[in-house]
There are 2 protein chains.
Amino acid sequence: MKIGELAKRSGLSAHTIRYYERIGLLPYADRDGSSQRDYDAAILIWIAFLRRLKATGMPIREMLLYAELRSRGPATEPERRVLLEQHRNRVGEHIADLQANLLVLDAKISGYAGAEKGTDHHDTGTPNDGRKPTGKRQAGTR
Amino acid sequence: MKIGELAKRSGLSAHTIRYYERIGLLPYADRDGSSQRDYDAAILIWIAFLRRLKATGMPIREMLLYAELRSRGPATEPERRVLLEQHRNRVGEHIADLQANLLVLDAKISGYAGAEKGTDHHDTGTPNDGRKPTGKRQAGTR
DNA sequence: GCTTGACTGAGAGTGCACTCGAACCCGTAG
DNA sequence: CTACGGGTTCGAGTGCACTCTCAGTCAAGC
């Protein structure tokens, strides 16, 4: 499989695939006679895993660390497990955080509930909510 | 309250506060005799709200839109509500996504369970080539 | 033979959200 | 008086993760 097809199948752009190879996230790909990358379908599973790490907010640095450990063979598995566990815990915290914020957001939205117009009685955080004809010299494109 | 104290109390740096004012996320602050910013404590509530939006991944562009609507007074409340609702929905989706990925991550970690040795040279996503599980996991630290 | 389109490596550019530095001003304590 | 610990503006720099441009190569099809 050439880079174009891998791009389609993996959801990464060809640019990104080359970039990942360059920085070491993807193994250096075999080249065919024309020095074009030729991929085995197995790489898709690794890419899917990388995408999952990325989707959960792991920085590339850490993915690199994981990739490096992996390339060093099975002896690094305990380290990899630790890495993944730490990441999982961070993700768990992040989710909890998001959920807490979601609750507050919902409360705020309820404050706006059905309000077609008028009183902003519930908006606790509006020091300047349209009560003064502020000469707005802000937000400019300067 | 001067910028230094607001920084301490709000958790933003003084740099960031000035930056937010510059782009319009914070209202142009009144200046005292020495043209130093002098803040009312009420601004803290607005900043806390901004931090919540940020924590849930709202881009600054959208916060700016919200801030602008807010500055236009109560008439824009329906729009603000819509904005917040859309954002809430996106956050909900994001949480669901993270949770799904967390499950897969947990499965992967379980695969590493006791992790002593094996033949995991080509990590195809499931490093488990049939080793005994030890079920030793530290869940939800903190 | 020539065009087309996918590929190559290297490196520059992008967008986001800050973050920092430089050069200056200002009020108070010692 | 002088040092200090704040403050001011403006513009440049940072880190991340791509994303794109460029000049060139190559195989296949007309």
Side-chain angles (χ1 to χ4, degrees), chain A residues 1-40 43 46-68 87 90 94 137-142, chain B residues 1-40 43 46-68 87 90 94:
Chain A
M1 173 173 25
K2 286 198 286 183
I3 200 173
E5 205 198 329
L6 181 62
K8 258 169 226 139
R9 289 224 253 161
S10 69
L12 299 177
S13 75
H15 277 310
T16 302
I17 292 169
R18 284 192 212 99
Y19 166 69
Y20 277 6
E21 180 183 305
R22 203 163 63 223
I23 65 176
L25 256 195
L26 291 178
Y28 185 81
D30 294 338
R31 306 303 206 261
D32 68 7
S34 311
S35 71
Q36 301 198 177
R37 291 168 181 81
D38 191 10
Y39 291 97
D40 186 296
I43 195 77
W46 172 239
I47 291 178
F49 178 60
L50 288 178
R51 285 170 71 78
R52 217 173 286 282
L53 293 181
K54 182 169 141 49
T56 49
M58 182 184 281
I60 277 191
R61 269 188 319 284
E62 211 164 312
M63 293 190 226
L64 276 175
L65 179 53
Y66 187 94
E68 203 212 318
H87 180 59
R90 283 197 304 268
H94 186 210
R137 172 261 74 62
Q138 57 193 59
T141 340
R142 65 156 352 309
Chain B
M1 171 174 27
K2 285 197 287 182
I3 200 171
E5 204 199 330
L6 180 61
K8 257 170 225 136
R9 288 226 255 159
S10 69
L12 299 177
S13 75
H15 278 309
T16 302
I17 291 169
R18 287 193 207 98
Y19 165 69
Y20 277 5
E21 179 183 305
R22 200 159 17 116
I23 65 174
L25 256 196
L26 292 178
Y28 185 82
D30 294 338
R31 305 303 206 260
D32 68 8
S34 313
S35 70
Q36 302 197 175
R37 290 169 182 80
D38 191 10
Y39 292 97
D40 186 294
I43 196 74
W46 173 237
I47 291 178
F49 179 60
L50 287 179
R51 285 170 69 80
R52 217 173 286 281
L53 292 182
K54 182 169 142 49
T56 49
M58 183 183 281
I60 278 193
R61 269 189 316 284
E62 211 164 313
M63 293 189 224
L64 275 175
L65 180 53
Y66 188 93
E68 204 213 317
H87 180 59
R90 282 196 304 267
H94 187 210

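Reminder, nothing fancy here: chain letters follow the sequence lines and each chain counts from 1.
- Nearest nucleotide to the side chain of B:Thr16, out of D:dT19, C:dT19, C:dG9: C:dT19.
- When distances are taken from the side chain of A:Arg18 to each of C:dG27, C:dG9, D:dT19, the shortest belongs to C:dG9.
- Summarising the geometry, the separation between CG on A:Leu26 and P on C:dG9 is reported as 13 Å, rounded to the nearest angstrom.
- Put simply, the side chain of B:Ser10 gets close to the backbone of B:Leu6: a donor and an acceptor are under 3.5 Å apart.
- The side chain of B:Ser34 sits closest to C:dG27 out of C:dA17, C:dG27, D:dC18.
- Regarding contacts with the backbone of C:dC18, a side-chain N or O of B:Tyr20 is found under 4.0 angstrom from either OP1 or OP2.
- Remark: A:Arg61 is in phosphate contact with D:dC16, judged by side-chain N or O atoms under 4.0 Å from OP1 or OP2.
- Checking C:dT8, C:dT19, D:dC16 against the side-chain heavy atoms of B:His15 singles out C:dT19 as nearest.
- Computed from coordinates, the A:Arg31 CZ to C:dA6 P distance equals 19 Å when rounded to whole Å.
- In this structure a side-chain-to-backbone donor-acceptor pair under 3.5 Å is missing from A:Arg9 to A:Ala7.
- Atom-to-atom, CG of B:Leu12 to P of C:dA17 comes out at 14 Å; the value is rounded to the nearest Å.
- No option in A:Arg90, A:His87, A:His94 other than A:His87 meets the side-chain hydrogen bond (donor to acceptor under 3.5 Å, both in side chains) test with A:Thr56.
- Atom OH of A:Tyr19 is separated from atom P of C:dG13 by 17 Å (rounded to the nearest Å).
- Whole-Å rounding puts the A:Ile23 CD1 to D:dG15 P distance at 16 Å.
- Across the protein-nucleic acid pair, A:Leu64 atom CG and D:dA17 atom P stand 9 Å apart, rounded to whole Å.
- In this structure, the CG atom of A:Leu6 is 10 Å from the P atom of C:dC7, given to the nearest Å.
- Atom C1' of nucleotide D:dT8 and atom CD1 of B:Ile3 are separated by 9 Å, given to the nearest angstrom.
- Nearest to the side chain of A:Gln36, among D:dG7, C:dC7, D:dA17, sits C:dC7.
- Applying the 4.0 Å criterion to OP1 and OP2 of C:dC18, one finds that B:Lys54 has a side-chain N or O inside that range.
- Counting only distance, with no hydrogens or angles, the side chain of A:Trp46 and the backbone of A:Pro27 share no donor-acceptor pair below 3.5 Å.
- Checking the phosphate oxygens (OP1, OP2) of C:dC7, no side-chain nitrogen or oxygen of A:Arg37 falls inside 4.0 Å.
- Between A:Asp38 and A:Arg22, the residue whose closest nucleotide on DNA chain C is further toward the 5' end is A:Asp38.
- Between the side chain of B:Asp38 and the backbone N or O of B:Asp30 there is no donor-acceptor pair closer than 3.5 Å.
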